[in-house]
Structures are given as structure tokens and as C-alpha cells.
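All remarks here apply to the structure that follows.
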Amino acid sequence: MAIGAKDFIDKLLVEKYAQEKVDNHEVDSLVSKVSADDMLTAMNHSSDSFKTMMALNSRLTMVCYGVVSKSAKYVKTEVRA
């Protein structure tokens with residue numbers, strides 16, 4: 001399998017970018033700018049916040065169901081046979 005231009009536009013692009021430097025092998029480019037411990041701590045805080053939000057949402061749903069059921073007014077009707 002050959003690598004190269006297949007049509008006129010590809011040929012022009014290959015000629016234009018043939019001499020461009022695209023590799024970045026500097027030592028600083030391979031070093032992470034963020035500490036792994038800081039990233040994991042942030043992810044832990046985020047997951048704790050989400051779990052707390054889900055627990056509060058569940059509790060609020062139950063409270064709302066309770067309020068609706070307590071405020072419902074049931075009227076007895078006669079059943080005719």
C-alpha cells in the first residue's frame with residue numbers, strides 16, 4: 001500500500017506541508033501538567049457531590065409523595081348495582 005496523493009487537491013496539500021515540522025519531541029511535552037493525586041481528589045469530590053445529590057433527590061421525592069398523599073381528599077361514592 002503506497003502513501004501519497006490520490007487526486008490534485010491531495011497532491012497540492014502534500015507539496016504544501018512536505019517540509020512542515022509536525023513531531024513534537026520536546027521533553028516538557030511528555031510531562032503531565034496536572035498531578036495525578038490532584039486529579040483523583042477532584043474526581044472523588046465530584047462523585048461524592050453527585051451521590052449526595054442523588055440521595056437528596058430520592059429523599060425529596062419521598063417527601064413529595066407523602067405530602068401529596070396526605071393532602072388528597074377521598075370522597076366516598078355509592079356504587080349502584
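- When side chains are defined from C-beta on, T61 counts as touching N57, because their heavy atoms get closer than 4.5 Å.
- Here the OG atom belonging to S49 is positioned 13.5 Å from the CE atom belonging to M54, to the nearest 0.5 angstrom.
- To the nearest 0.5 Å, atoms CG (L56) and CZ (R59) are separated by 10.0 Å.
- Within 6.0 Å of the NZ atom in K33, the count of heavy atoms belonging to other residues, nucleotides or ligands exceeds 12.
- The number of heavy-atom neighbours closer than 6.0 Å to CE of M53, taken from other residues, nucleotides and ligands shown, is above 12.
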**OP:** Could you give me the CA-CA distance, side-chain angles and deciding distance for N44 and L40, then say whether side-chain contact (heavy atoms from CB on, under 4.5 Å) is met?
**Re:** CA-CA 6 Å; N44 192 27; L40 291 175; over 6 Å; no

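- The environment of CG in L60 is crowded: more than 12 heavy-atom neighbours from other residues, nucleotides or ligands sit within 6.0 Å.
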